[in-house]
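Every chain is numbered from 1, with letters handed out A, B, ... down the list of sequences. Source: prediction; values computed, not measured.
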2 protein chains.
Amino acid sequence: MAKAKRGSERREEALSRERIVDAAIELLDTEGENGLTFRALATRLATGPGAIYWHIANKSELLVAASDAVVARAMADVAAHATARKTIRSIAVGVFEAIDAHPWVGAQLSRGPWQTATLQIFERIGRQVQALGVPDGAQFTAASALVSYILGVSDQNAANGRLLEPAVDRADFLETESARWKELDAHEYPFTRKVATQLRKHDDRAEFLAGIDLILAGIAASL
Amino acid sequence: MAKAKRGSERREEALSRERIVDAAIELLDTEGENGLTFRALATRLATGPGAIYWHIANKSELLVAASDAVVARAMADVAAHATARKTIRSIAVGVFEAIDAHPWVGAQLSRGPWQTATLQIFERIGRQVQALGVPDGAQFTAASALVSYILGVSDQNAANGRLLEPAVDRADFLETESARWKELDAHEYPFTRKVATQLRKHDDRAEFLAGIDLILAGIAASL
DNA sequence: GGCATGTTGGAACGCTGTTCCAGTCGTGTC
DNA sequence: GACACGACTGGAACAGCGTTCCAACATGCC
């Protein structure tokens, strides 16, 4: 243990699992998914790659730890509301925004499901499903449908952002994409062409919540 | 152009984009996502890595082409049904099963959304949403909620399978996972612990369809 | 002081995607 | 028939990755 002799840490600050995970999150946020390498991480922590492996088994574990941390913070920030319905919407938005701010989390959560981060979300949603009055036998289905939808859309949304360099404007992107849809083959893609116009004034967050409401309506209808 | 002089190809068979994509799909299916490398692909095609790059720009393009091919085949196999509702369920199952059989497709579709494969699914679902009688202004929302749910759950499901070696039985996996849930902290995870038992008799496909029905019920309720 | 233990960081390994390029093949032109 | 040219091939080489290994260091205990 590199315990401090008096008040000063060993050298600047000792290496620790927490410090490594924090640095990894920063690197992922600023440089993107490919920006996280053990060498870059080592440089940022002023050490060598080997030292990191003393605290963390491998890159996969590092990614799990990083996404767990991000989701935990997001869940802690979710406020309770008067109704279960409002709380569910609030949890959903919390996850959506956390993944929007840290797009790599989306990729990570769909890579290995049922890791701690996913369970945290499932638990929070599940309690509210219970509060909605869904009968015991249907709670699992309702909760996992909601969680799957939330993670699916959030990741899809984040993937859009991951493709483009930060410089590209979101409105420009939608404009371009809408134009692409309109140029699709008229016989093969009639529906897509028809709704291409709607894509231009598309608000991801609003659309996401509309989907949540659709599922909530379905749950309410089958009570 | 290595055009055939008479009936026989140049040497065995000429390299072509199609042959490369087919070999890539085989490799991904048999060896998993990490099994696809340009060297392994070159060996299988009895050539060198450089030759492949004449036909395909990079690995990303290869993955897009491979998943497009798989989805296209799955969509071609979907039968039309009497009601829009049944057809939607059928498309959903088709995608679910295609991703279950080729787990790497799930990862690929969530990596870069709005590629041809996703659009194909969106189009097919969209037409049925129209047939359901959803008003013009709400079709986009309904269709994209369904597609997001379908891709989200299918990928989540595939990710479960991707983790384990083929030897592990599905029932064993659920048993282990259920046991893990029951050992969670009682104060932090009351809901998850409560539904842990339901996880044991969990049928992914049935649960998936139940979620579809939930969304369809929501759509019907808001007509 | 000296030893054991926990921790560090740099060198090295095997693998990857990708680039480069010297060579081969089939064909169109004189 | 010779020649040249563009399409195509495949092996060598490069930079970078995750990971392993290990000689060196720091510190707490006897």
I need the [atom1]-[atom2] distance between [X] and [N], as an integer number of Å.
| X | N | atom1 | atom2 | value |
| --- | --- | --- | --- | --- |
| Trp54(A) | dC25(D) | CH2 | P | 18 Å |
| Ile56(B) | dC8(D) | CD1 | C1' | 15 Å |
| Arg17(A) | dG6(C) | CZ | C1' | 18 Å |
| Leu41(A) | dG16(D) | CG | P | 18 Å |
| Ile20(A) | dG9(C) | CD1 | P | 11 Å |

* To do: Quick one: label Ile52(B) by what it contacts on the DNA or RNA (base, sugar-phosphate, nothing), any heavy atom closer than 4.0 Å.
  =>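 No contact at all - Ile52(B) keeps every heavy atom at 4.0 Å or more from the nucleic acid.
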
- Counting any heavy atom closer than 4.0 Å, what does Ala46(A) reach on the DNA or RNA strands: base, sugar-phosphate only, or nothing? sugar-phosphate

So, [X] versus [Y], ring centres under 6.0 angstrom or not?
| X | Y | result |
| --- | --- | --- |
| Phe191(A) | Trp181(A) | no |
| Phe96(B) | Phe208(B) | yes |
| Trp114(B) | Phe173(A) | no |

His55(B) side-chain N/O to dT9(D) phosphate OP1/OP2 under 4.0 Å: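 Yes, His55(B) has a side-chain N/O under 4.0 Å of OP1/OP2 on dT9(D).
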
*asked:* Using 0.5 Å steps for rounding, measure from the CD atom of Gln108(B) to the OG atom of Ser60(B).
replied: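 Gln108(B) atom CD to Ser60(B) atom OG measures 6.5 Å (nearest 0.5 Å).
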
From Asp22(B) CG over to Ser16(B) OG, what is the distance, rounded to the nearest 0.5 angstrom?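 Those atoms lie 8.0 Å apart.
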
In B/S/- notation (B base, S sugar-phosphate only, - none; protein heavy atoms under 4.0 Å), nucleotides 10-18 of chain C written 5' to 3' is B-B---BBB

| said: Under 3.5 Å, is there a donor on one side chain and an acceptor on the other for Thr141(A) and Gln198(B)? | reply: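 Note: Thr141(A) and Gln198(B) side chains miss the donor-acceptor criterion.
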
